[in-house]
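So the structure is just underneath, and the comments pick up after that.
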Amino acid sequence: TARVEKGQALFLLEAPGLASEMAINSIRKERISHELSVIGFDEEKQDERLVLMAEQDQIISRLASLEEELVRLQIQAPLSGYLELPPEPARVGNWVAEGELLGTIHNRDRQVIRAYVRELDLNRIHKDGEGVLYPDIKEMAPVAARIVSIEEHAAVEIQEQFFVSTYGGD
């Protein structure tokens with residue numbers, strides 16, 4: 001887990017096919033520009049000029065979309081937080097499938113933990129106190145927390161299984 005800032009480069013993916021297509025289209029664009037300059041405003045070659053101009057517009061449009069795709073390959077942090085990589089992270093040189101999880105950013109500054117405390121333990125906690133939550137998922141690290149409020153209402157039965165933890169906290 002590493003701290004990342006919004007806009008920071010996280011991953012740079014490569015697509016050799018995109019790079020070669022971009023090079024080919026750039027060469028085609030230069031060739032057409034040259035042909036257009038040779039034709040100039042010759043009245044006899046006006047039809048050829050129109051065809052070349054349409055082809056040039058097509059190539060410019062394709063180059064713009066290729067540029068957008070190349071920008072999408074530069075993955076940046078959408079928000080500040082902590083980058084957590086999956087158990088088996090992608091390695092340099094490996095293929096990455098579209099939609100494959102490369103990592104998750106957690107913004108711990110804005111996360112909220114709702115914990116239910118047994119009545120017997122209420123004397124151990126207080127507002128602005130600090131604690132540690134131990135998630136049921138053993139692979140997850142304990143989470144440091146600060147108590148911002150304590151509700152006065154009792155929960156007789158917790159309906160959401162998500163909120164139930166056999167490991168509790170400190």
Side-chain angles (χ1 to χ4, degrees), residues 1-26 29 58-170:
T1 307
R3 175 91 179 138
V4 295
E5 297 301 322
K6 181 177 181 175
Q8 179 179 339
L10 301 178
F11 304 99
L12 177 59
L13 305 176
E14 292 182 1
L18 279 180
S20 66
E21 186 177 347
M22 192 145 191
I24 290 167
N25 279 296
S26 294
K29 180 182 168 200
Q58 249 183 345
I59 290 171
I60 289 171
S61 174
R62 180 63 185 146
L63 283 170
S65 71
L66 289 171
E67 290 271 348
E68 287 177 15
E69 288 184 53
L70 286 174
V71 167
R72 284 189 348 184
L73 294 177
Q74 300 170 18
I75 300 171
Q76 298 177 339
L79 57 104
S80 296
Y82 294 88
L83 175 64
E84 183 179 327
L85 299 175
E88 292 185 29
R91 304 224 183 278
V92 174
N94 285 3
W95 288 94
V96 178
E98 186 174 340
E100 184 175 336
L101 178 67
L102 297 175
T104 305
I105 297 177
H106 301 280
N107 185 341
R108 295 180 182 162
D109 299 334
R110 296 191 315 192
Q111 288 183 334
V112 174
I113 300 171
R114 180 165 298 182
Y116 293 88
V117 180
R118 294 182 316 171
E119 191 172 354
L120 298 171
D121 294 328
L122 278 174
N123 62 344
R124 295 179 47 213
I125 64 170
H126 56 87
K127 186 176 179 204
D128 295 324
E130 294 186 3
V132 179
L133 177 75
Y134 297 97
D136 276 343
I137 302 169
K138 294 179 185 178
E139 292 79 27
M140 292 180 64
V143 179
R146 184 174 55 83
I147 300 170
V148 293
S149 68
I150 300 171
E151 294 290 327
E152 297 294 326
H153 308 286
V156 177
E157 185 177 322
I158 301 172
Q159 298 296 326
E160 297 90 356
Q161 185 65 32
F162 182 77
F163 292 125
V164 179
S165 173
T166 54
Y167 297 108
D170 294 334

Check: residues 62-79 side-chain donor-acceptor pairs under 3.5 Å, at least two apart:
unit_1	atom_1	unit_2	atom_2	d
Arg62	NE	Glu21	OE2	2.7
Arg62	NH1	Ser65	OG	3.2
Arg62	NH2	Glu21	OE1	3.1
Arg62	NH2	Glu21	OE2	2.8
Ser65	OG	Arg62	O	2.9

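When every heavy atom of Gly103 is checked against every heavy atom of Leu101, the shortest pair comes out as O-CD1, 3.4 Å. Between Val96 and Ala90, the closest heavy-atom pair is CG2-CB, 4.2 Å. Scanning all heavy atoms of the two residues, the minimum distance from Val4 to Gln8 falls at CA-OE1, 3.3 Å. Residues Ile60 and Lys29 come closest through the heavy atom pair CG1-CE, 4.1 Å.
How far OG of Ser80 is from NZ of Lys6: 8.0 Å, rounded to the nearest 0.5 Å. A distance of 12.5 Å separates CG of Leu83 from CD of Glu5, quoted to the nearest 0.5 Å.
At most 12 heavy atoms of other shown residues, nucleotides or ligands fall within 6.0 angstrom of atom CD in Glu14.
Taking the side chain as every heavy atom from C-beta outward, Leu10 and Leu102 never approach each other to under 4.5 Å. In this structure, Ile147 and His126 have side chains that are not in contact, with every pair of non-hydrogen atoms separated by 4.5 Å or more.
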